[in-house]
Amino acid sequence: MYKRGIMMLLSASFLSACGASNIEVIQLDYIEDQWNVESYSKEGEMIEVQKSKEVLAACDGERTTELKGDITVYQTAIAGRTEPISAMTPYTMKVVTYLEGDERYVVCRESYTNQLMAEAIDSFPDFVNTSDGIRLPRLPRIHQTSSALQDKLVEAEGLDFDGNSITPFPHTLLEIEPALYGELEMKLDGKVIRYPIAQFEPRGFEMPNQQIAIGYDKKRFRPYILYSFDGQFFMPQPIEFDELEDPESKENTVFSELEIETVATVRQLNEGEETPFYTFSYLKNGKRVSETMTIRFVPGTLLKDGEEPDPMFEDWLPVEETGPRAIVHRKPYDGGAMEFAEYSDATKEEAKELFDIVNEADPVDRRGEDSEYRYLTLTDGWKGQVFEISYQKRSKKVDIYLTDPLRDQTYKLSSEGAEAFLDTFPRLRETL
């Protein structure tokens, strides 16, 4: 009996050891303390969202590529990552909209992209108010504008580009009633203008109608598209064409003695139809020529499973490299910004190595003394994990312990791993 009991204890210890060695040290999840989540009512009033995980986990399931039926949009939630994590990773913002047609749907946009993904869901989160929604048509409409709005365009501030004043053509001002999802493609004389003039996506709050008009730089003979929400004009966009080999060619920039006639009428912009908007008349090689500007509505497509969104501003902003990030910091996240001295971050290559080092750590039943830089935060995409850092000094080296407070489990880095960890964060080493 005694021998049998000893064998059972030894077997249990062996199985326990095997199980411990197979523990996944890194188990990333949505860390609510890293995010600020706001939701907005139909009237644009902010609604507090306590369960941010429901927003962050939206569109994680099987995607749908079609929103069926007449669509009512209920609410939009915006999740933004707190600093300094927001400065370390391209995954800084997620916009989530809840809507209903033949089914309930959630639609998501991630960071700086205009491409959406969607998922059919069984129910909405508790904070979504379904008593009142916004019906969005599938197709946009064009409206004429009042003389009062045209006068407002003439007096609008901010109509300059690279220090040159842009003179608007008031009679070109038109109003666009937005659609559910898609963009307006513009062409002049059959050539596609580089940037879409308007982009639509479902929003859970009332959006004002949008206006477009044409402006002119009289010094450089260059036309611009003027774009606004309810009379608030944004930076003018020069008319440039994608297919030209030289974007700065005269064909792309010079419209001498430009005159414009508005030919658009009040109408719905049907899918794929090129609708005449303006007639451009200008001098080209000493002769006056006439060209037509058209607008075409292009419905948006939803990303399929496995497809990644393209960045919206790839011409202006560098494409952020995805992948793991690592940071040590003195205090827990509280939603506010951290001073530079409060944290230290690893390079992208160092972070990849740290993920391997942490994953190879061994579970132990003790921890060391608390480090001054108390926390290690790992992130990859939208998810992350926080460890508490402790240490034990020995004669010739330092042992590093990482404790996962959610699982109440401590791990010890290997000797080589501890050295690499301290090399990555020299400020941490200095405090030990």
Side-chain angles (χ1 to χ4, degrees), residues 30 35 37-42 44 47 49 51-81 90-140 177-185 196 198-207 210 269-272 297-314 322 381-383:
Y30 300 106
W35 297 88
V37 181
E38 298 175 338
S39 182
Y40 294 89
S41 69
K42 177 181 177 181
I47 300 168
V49 177
K51 299 179 180 178
S52 58
K53 278 190 178 182
E54 292 187 75
V55 175
L56 295 170
C59 302
D60 267 3
E62 183 179 351
R63 296 177 187 173
T64 182
T65 57
E66 185 179 4
L67 304 176
K68 300 177 182 178
D70 295 329
I71 297 298
T72 300
V73 182
Y74 292 121
Q75 212 157 314
T76 292
I78 302 174
R81 215 162 202 160
Y91 298 90
T92 58
M93 182 180 69
K94 187 168 187 174
V95 181
V96 178
T97 299
Y98 300 91
L99 45 89
E100 188 169 15
D102 290 348
E103 298 181 80
R104 295 184 181 93
Y105 299 101
V106 60
V107 173
C108 304
R109 174 167 64 82
E110 299 181 351
S111 296
Y112 302 109
T113 180
N114 57 1
Q115 293 180 295
L116 305 183
M117 59 190 75
E119 179 185 356
I121 55 178
D122 294 329
S123 60
F124 295 126
D126 294 341
F127 66 84
V128 176
N129 178 15
T130 58
S131 62
D132 190 20
I134 301 169
R135 293 294 293 269
L136 282 178
R138 300 275 179 170
L139 300 171
E177 184 179 338
L180 175 66
Y181 181 35
E183 63 185 27
L184 295 183
E185 175 191 80
Q199 295 170 327
F200 314 115
E201 65 179 82
R203 298 279 180 88
F205 43 87
E206 295 282 8
M207 293 289 291
Q210 303 161 29
L269 296 180
N270 294 321
E271 180 180 338
F297 174 63
V298 182
T301 57
L302 298 168
L303 293 171
K304 301 176 183 176
D305 283 316
E307 290 183 336
E308 293 296 325
D310 296 323
M312 186 190 305
F313 304 121
E314 57 186 344
T322 59
W382 301 104
K383 297 182 179 182

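Counting from 1, the numbers follow the sequence of the chain as shown.
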Next on the checklist: Parallel, tilted or perpendicular, judged at 30° and 60°: which one describes the rings of Y74 and F124?
Outcome noted: perpendicular
Checklist entry - Can you tell me how far CD1 of I134 sits from CD1 of I71, rounded to the nearest 0.5 angstrom? => result 13.0 Å
Item to check | Heavy-atom pair of closest approach, residues T97 and P202 | outcome: OG1-O, 3.3 Å
Item to check | Nearest non-hydrogen partners of S39 and V49, listed with the distance | outcome: CB-CG2, 3.5 Å
Checklist entry - Are the side chain of E119 and the backbone N or O of V106 linked by a donor-acceptor pair below 3.5 Å? => result no
Next on the checklist: Quick one, T130 with Y98, criterion side-chain contact (heavy atoms from CB on, under 4.5 Å). Give me CA distance, side-chain angles, the key distance, then yes/no.
Outcome noted: CA-CA 9 Å; T130 58; Y98 300 91; over 6 Å; no
Checklist outcome for this item: In terms of heavy-atom contacts, A179 and F200 come closest through O-CB, 3.3 Å
Item to check | Heavy-atom pair of closest approach, residues A118 and V107 | outcome: CB-CG2, 3.9 Å
Next on the checklist: Looking at every non-hydrogen atom in both residues, tell me the closest pair between G69 and R138 and how far apart they are.
Outcome noted: O-NH2, 2.7 Å
Next on the checklist: M117 vs E307, test: side-chain contact (heavy atoms from CB on, under 4.5 Å). Steps then yes/no.
Outcome noted: CA-CA 9 Å; M117 59 190 75; E307 290 183 336; over 6 Å; no
Checklist outcome for this item: Heavy-atom nearest pair, R104 first then S123, reads CD-CA, 4.0 Å
Checklist entry - When you look at D60 and Y30, which way does the side-chain contact (heavy atoms from CB on, under 4.5 Å) test go after all the steps? => result CA-CA 12 Å; D60 267 3; Y30 300 106; 2.4 Å; yes
Next on the checklist: In the structure I gave you, are the side-chain heavy atoms of I121 and Y105 within less than 4.5 Å of one another anywhere?
Outcome noted: no
Checklist entry - Can you tell me how far the CG atom of N129 sits from the CD1 atom of I47, to the nearest 0.5 Å? => result 7.0 Å
Next on the checklist: If I take atom OG1 from residue T92 and atom CZ from residue R81, how far apart are they, to the nearest 0.5 angstrom?
Outcome noted: 8.5 Å
Item to check | N/O donor-acceptor pair under 3.5 Å between Y181 side chain and P299 backbone | outcome: no
Checklist entry - Can you check whether L303's main-chain N or O pairs, donor with acceptor, with Q115's side chain at less than 3.5 Å? => result no
Checklist outcome for this item: When rounded to the nearest 0.5 Å, the distance separating CD of E185 from CZ of F297 is 12.0 Å
Checklist entry - Should R203 and V73 be marked as a side-chain contact (heavy atoms from CB on, under 4.5 Å) after you check the CA-CA gap, both sets of side-chain angles, and the distance that decides it? => result CA-CA 7 Å; R203 298 279 180 88; V73 182; 5.7 Å; no
Item to check | Gap between atom CG of L302 and atom CG of L116 - 0.5 Å precision | outcome: 6.5 Å
Checklist entry - If you measure from OG1 on T301 to CD on E66, what distance do you get to the nearest 0.5 Å? => result 12.5 Å
Next on the checklist: Quick check against the 3.5 Å criterion: does R63 have a side-chain atom that pairs as donor or acceptor with the backbone of K304?
Outcome noted: yes
Checklist entry - Where the side chain of K94 meets the backbone of L56, is there a donor-acceptor pair that is under 3.5 Å apart? => result yes
